[in-house]
> 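Could you have a look at this structure, given as structure tokens, before my questions?
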Amino acid sequence: MITLNTLTDSEKPAITAQTAAAKEVNLPPLHMSSSPHVRSAITVPMIMLFAIIAMVPSLAASVVFFGVNALILTAACVGAAVGTEWIINKALKKEQSIGDLSAVVTGILVAFNLPPSLPVWMAVIGSVFAIGVAKMVFGGLGANFINPALAGRAFLMANYPAEMTNFPATVFGSINALPDGISSATPLEAIKTAFSQGSFQVSEFANALPQLFFGNVGGTIGETSALALLIGGIFLIAGRIIDFRIPLTYIGTVFFLFWIANGTGTYFTLESIITPVFHVLAGGLMLGAFFMATDMATSPITPKGRIIFGIGCGVLTFLIRKYGGYPEGVSYSILLMNLVVPLIDRCTRPTIYGEVRGRG
Amino acid sequence: MGEIIKLTAALVVISMVIGLAVAVTNNKTKDRIKEQQLHIQQSAVEAVFPSGVAISEHEGDGGLPYKYWSASDNGELIGYAFKITGQGYAGDILFMISADTAGKILGMTVLEHNETPGLGSRVTEVASNKYIWYPVGSSEKVKPWFTEQFEGLSCFKPIGIDKSGEWHKFDAQRRAQLQSRNTVTAITGSTITTAAFTKSIERKAAVYVASLKEKYLEK
Amino acid sequence: MLKEEVKRGVITENPILILALGLCPSLAVSTSVTNGLGMGLATMFVLVCSNIIISIIKGWVPDKVRIPCFIMVSAAFVSILHLFIKAYMPLLDQRLGIFIPLITVNCIILGRAEAFASKNSLSRSFTDGIVMGLGFTVSLLILSAIREFLGSNKLFDLMVIPKFQPLTAFALAPGGFFTIAFVMGVVSFLRSRKEARA
């Protein structure tokens with residue numbers, strides 16, 4: 001974890017007699033602070049800028065597949081997020097924090113979780129909730145206990161379930177792996193219906209895989225193009241903004257569990273990996289694994305903890321997608337695991353050399 | 001020992017006084033309460049028949065529900081009403097449905113349900129036209145569109161579900177089309193709730209009306 | 001004197017927002033303003049009656065069994081109230097349902113009985129019952145107004161804004177929690193600002 005040690009003006013200690021004297025003889029003023037004294041050039045706005053750049057491919061893909069609506073929604077969400085943070089900071093008489101760009105990132109992520117046909121005012125409500133309730137009420141950046149973008153999405157799902165599950169086709173007329181007789185708006189709905197009706201034919205879903213990879217499928221704005229998300233994710237990992245452990249274990253667990261339950265009865269054939277690959281590429285898994293689960297404030301600090309977190313998210317996503325009432329389980333899995341993170345952190349605390357590990 | 005007697009005495013005295021007070025109140029309000037409950041039951045049945053008909057209650061046996069109602073207008077039998085339970089998305093849905101002897105549905109009212117608000121609970125949604133700004137709006141009894149669309153359909157034929165829109169937004173022509181195909185529109189996003197009604201009408205109401213038809217013809 | 005009492009019951013010692021008593025029925029019943037009004041008045045009736053009786057018998061009730069005795073008194077009034085509502089206001093009975101009998105376990109009743117009526121004169125207990133009931137009703141009205149408007153676009157069961165899709169979660173449990181938390185937060189914020197100035 002990179003430690004940030006950039007002091008704002010209000011945090012710098014007042015000029016003492018010593019430093020004033022030092023000034024008189026043209027010595028530089030002395031800064032006083034407590035350890036750790038690690039300095040780094042990275043600032044919060046820089047990290048957020050990295051994240052925004054990583055999301056640009058997905059944003060471009062969403063415009064390609066859904067038209068300018070996607071852009072309007074994103075702009076509205078970002079505007080609402082920044083505006084809410086600005087208003088709340090002013091009302092509580094705190095220092096303006098919108099310059100750290102975290103509201104922009106949350107706004108984009110909220111938009112990525114919405115269907116392109118959602119009315120703009122609903123998206124604004126979701127964004128206001130995400131920043132206002134899930135973030136600012138608890139103390140601002142780094143103090144949130146759940147992922148704000150997912151909280152906004154869950155809020156909108158609870159309030160407007162019909163509009164939030166209305167997924168229009170893409171501009172090119174998306175193909176959603178439709179075996180005859182099943183009509184569904186998203187690939188995940190199609191495969192869930194196929195399994196529940198017992199009419200699962202692996203070849204039909206294999207045909208959908210290229211569409212899923214490039215993004216010509218119905219769904220929320222940010223989740224359609226696996227390719228764009230992969231590019232963004234690799235960029236973030238390479239830039240050491242996120243830890244590779246969480247996406248790796250999350251996606252790996254989902255892949256493994258769906259390989260075991262792959263519906264073809266075989267295990268080491270090419271056919272047997274169609275279902276797991278389908279589930280990795282479809283829905284919000286890539287979006288969640290790279291951008292949501294890795295939110296720094298709501299994921300574990302320790303490497304072992306992160307692996308546990310990723311596995312936990314994967315298991316929950318598998319259970320909800322396979323046995324639960326919803327076709328998509330990513331957002332609720334991540335939210336639930338967010339709640340467990342403090343416990344994970346406590347249990348995976350590294351032992352200091354020489355310390356005898358007591359109880360808890 | 002003396003203390004225990006004192007404590008017990010206090011409790012006994014208070015509970016006796018309270019018991020007396022509640023018993024007296026109960027006595028005074030008993031009849032009125034019974035009246036009210038009958039009235040509620042009656043309104044539920046009246047809601048599914050046209051106004052001004054004479055309704056009588058019967059006990060059923062064999063293929064009939066425990067209690068059912070028949071309505072006659074000037075001595076002529078109009079139809080029967082039953083309470084039916086269907087399997088909804090989140091538990092049972094209890095509704096009252098009336099049909100004539102040919103199986104044509106006359107009316108339907110939803111009595112109890114546990115469906116998801118905003119989705120399945122829209123079965124009882126009434127487009128209210130009374131606003132707080134002019135509360136003296138129209139006061140005629142408006143029926144929920146979901147139950148109103150069942151009127152005129154036959155319970156002996158399978159009832160289809162159309163997912164292209166919602167009935168209250170259709171014009172007269174499309175509504176006539178749906179009726180000729182014995183089809184209702186689903187609530188957007190709540191096909192399971194809609195199917196609960198169609199399936200239980202096909203399975204239960206049709207059976208009841210058929211066995212009543214036999215009885216009726218026997219007479 | 002009466003004005004101060006009213007201020008105490010409604011503002012400075014508001015049962016829901018400051019004393020945090022009676023939150024369970026508040027969450028459940030504040031879905032519409034008519035429900036909130038009905039519940040508030042019903043609770044006020046029970047509170048006043050039970051305060052009166054408890055203040056009268058406070059000398060004779062042995063200390064060790066005072067809680068069961070107080071509960072029995074409030075349960076008696078709740079039963080009587082319930083029978084009356086079932087007989088003369090069946091619509092209210094349908095809307096509030098099980099929450100009328102649950103007034104018995106509303107913490108406000110036992111709380112005020114224990115903290116006030118069992119230690120004060122009849123007239124003071126009577127006043128306390130009225131102003132606490134008033135405070136409960138007022139805060140219920142505020143909560144219900146917010147939840148009914150946001151959650152079903154209605155007030156007093158009449159539509160408010162045409163063509164506004166309401167946020168259904170506010171008419172349900174999550175909305176109840178959010179609304180109470182938010183209103184309590186605002187009240188607490190205003191109080192702390194007032195104290196900071198004083």
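Numbered from 1 within each chain, the chains take letters A, B, ... in sequence-line order. When reading the values below, keep in mind they use all heavy atoms of this one structure, side chains included, and skip hydrogens, waters and symmetry mates. Being a predicted model, the structure only gives us computed values, none of them experimental.
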> Among Ala9(B), Ser15(B), Ala10(B), Gly19(B), which has the most heavy-atom pairs under 4.5 Å with chain C?
Ser15(B)
> Count the heavy-atom pairs under 4.5 Å between each of Met72(C), Lys86(C), Gln165(C) and chain B, then report the option with the highest count.
Met72(C)
> Give, as side chain, backbone, both or neither, the part of Glu35(B) having an atom under 4.5 angstrom from any heavy atom of chain C.
neither
> Quick one, Thr127(C) and Leu2(C) - any side-chain contact, counting heavy atoms below 4.5 Å?
yes
> May I have the list of side-chain donor-acceptor pairs in residues 184-198 of chain C shorter than 3.5 Å, sequence neighbours left out?
{"residue": "Ser192(C)", "atom": "OG", "partner": "Ser188(C)", "partner atom": "O", "Å": "3.4"}
{"residue": "Ser192(C)", "atom": "OG", "partner": "Phe189(C)", "partner atom": "O", "Å": "2.8"}

> Could you tell me which of Val17(B), Val22(B), Asp31(B) has the largest number of non-hydrogen atom pairs under 4.5 Å with chain C?
Val22(B)
> Evaluate whether atom NE2 of His39(B) has more than 12 neighbouring non-hydrogen atoms of other residues, nucleotides or ligands under 6.0 angstrom away.
no
> Given the side-chain rings of Tyr208(B) and Tyr80(B), with only the six-membered ring counted for Trp, is the space between their centroids under 6.0 Å?
no
> Is it the backbone or the side chain of Ile57(C) that comes under 4.5 Å from a heavy atom of chain B, or both, or neither?
side chain
> Ring-plane angle category for Phe150(B) and Phe146(B), please: parallel below 30°, perpendicular beyond 60°, tilted otherwise.
perpendicular
